[in-house]
Structures are given as structure tokens and as C-alpha cells.
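Inspection log for the structure reproduced underneath, given as C-alpha cells.
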Amino acid sequence: MTPALYIVTIEVSPSSEAAWNEWHEKVHIPDLMRQPGFLACRKWRDTTNAEDGWPRYVCHYELTSLEAVERYIASDAAKRLRAESESKFGYVTRHRRQVYTEAARFEVDLEPESIE
């Protein structure tokens, strides 16, 4: 199966950033990672804030396949997690979601070439 990447971009009000990060990393991401098909999450902080000064974070969720992403998006768990996020931080966050499938993979070869 071809892996998939579920990308969520979140902009957070500066006044709520610390509380949101604590909840996001201790509650939300662990709950999300228990869902079927999820393999890993990498959370990034953009080095440039949004135009209005809100910090921007990007979460890359790696899943086993596009089908796993689609099952998750349609699931009751996804509805519950989004509702929880909205009720706790909906007024101080903005979200954008995207789904990608792998087109190609390139890796660095860390083994030195043998010299003969």
C-alpha cells in the first residue's frame, strides 16, 4: 500500500498558545495516534507567524494508506476529536487540512562509497 500524509495546519492566538500546546501534545495527538492506520506524527512550528501575528503549527500525520485517512475522516472518532478541539480552542485557532499520497521517496545514503 502507498502511505499517506494527513497534514493539519493550525494557527493559534498568541494568548492561548501555551495552553493549546499543552492540550494538543498531551491529550489530542496521543488520542489521534491511537486511531487505526496512524503510524507517526511530526509537529512543526512555522518560523514565520501568520500576517496577524498568530503562531502557525503544522502536524504531519503519517498513515498506512489513503484508505486509512478516508476511514479516519469519516469516523466517529474524527467527529469527536474535532468537536473536542472546537469546544476547547475553536475561538482561538484556525485549521486547514490536506491529504497527500506518496509519489516518490528519496533518501540520503549515509554509507560512504568504497574507494578502490
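- By the 4.5 Å heavy-atom criterion applied to side chains, Cys59 and Tyr57 are not counted as neighbours.
- Remark: Thr9 OG1 to Arg94 CZ distance equals 12.0 Å, nearest 0.5 Å.
- With ring centers used as reference points, Tyr72 lies under 6.0 Å from Phe38.
- Hydrophobic clustering, with ILVMFWY side chains joined whenever heavy atoms are under 4.5 angstrom apart, keeps Trp20 apart from Ile7.
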Assess whether side-chain contact (heavy atoms from CB on, under 4.5 Å) is satisfied between Ile73 and Arg97, documenting all intermediate values.
-> CA-CA 11 Å; Ile73 290 171; Arg97 294 170 178 86; over 6 Å; no
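- Under the 4.5 Å side-chain heavy-atom criterion for Ile, Leu, Val, Met, Phe, Trp and Tyr, Leu81 and Met33 are members of the same hydrophobic cluster.
- Arg56 CZ to Glu51 CD: the interatomic distance, rounded to the nearest 0.5 Å, is 8.5 Å.
- Of the inter-residue distances, the one linking Glu86 atom CD with His95 atom NE2 reads 8.0 Å to the nearest 0.5 angstrom.
- Contact record, Ala4 with Val69: CB-CG2, 3.7 Å, taken as the closest heavy-atom pair.
- Interatomic distance, Thr93 OG1 to His24 NE2, rounded to the nearest 0.5 Å: 9.5 Å.
- Residues Ala68 and Thr64 share a closest heavy-atom pair of CB-OG1, 3.5 Å.
- Rounding to the nearest 0.5 angstrom, the gap separating the OH atom in Tyr6 from the CD atom in Gln98 is 10.5 Å.
- Counting non-hydrogen atoms of other residues, nucleotides and ligands closer than 6.0 Å to CZ of Arg96 gives a total of 12 or fewer.
- Contact record, Trp54 with Ser13: CE3-N, 3.4 Å, taken as the closest heavy-atom pair.
- Under the 4.5 Å side-chain heavy-atom criterion for grouping Ile, Leu, Val, Met, Phe, Trp and Tyr, Ile10 is not connected to Trp44 through any hydrophobic cluster.
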side-chain contact (heavy atoms from CB on, under 4.5 Å) between Asn21 and Lys43: does it pass, once the steps are laid out?
-> CA-CA 10 Å; Asn21 264 313; Lys43 182 176 177 179; 2.5 Å; yes
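- Atom CD1 of Ile29 and atom CH2 of Trp23 lie 9.0 Å apart (nearest 0.5 Å).
- The hydrophobic clustering, which links ILVMFWY residues whose side-chain heavy atoms are closer than 4.5 Å, places Tyr100 and Leu63 apart.
- Note on Leu39: it does not cluster hydrophobically with Val58, by side-chain heavy-atom contacts below 4.5 Å among ILVMFWY residues.
- Counting only N and O atoms by type, the side chains of Lys88 and His28 include no donor and acceptor under 3.5 Å apart.
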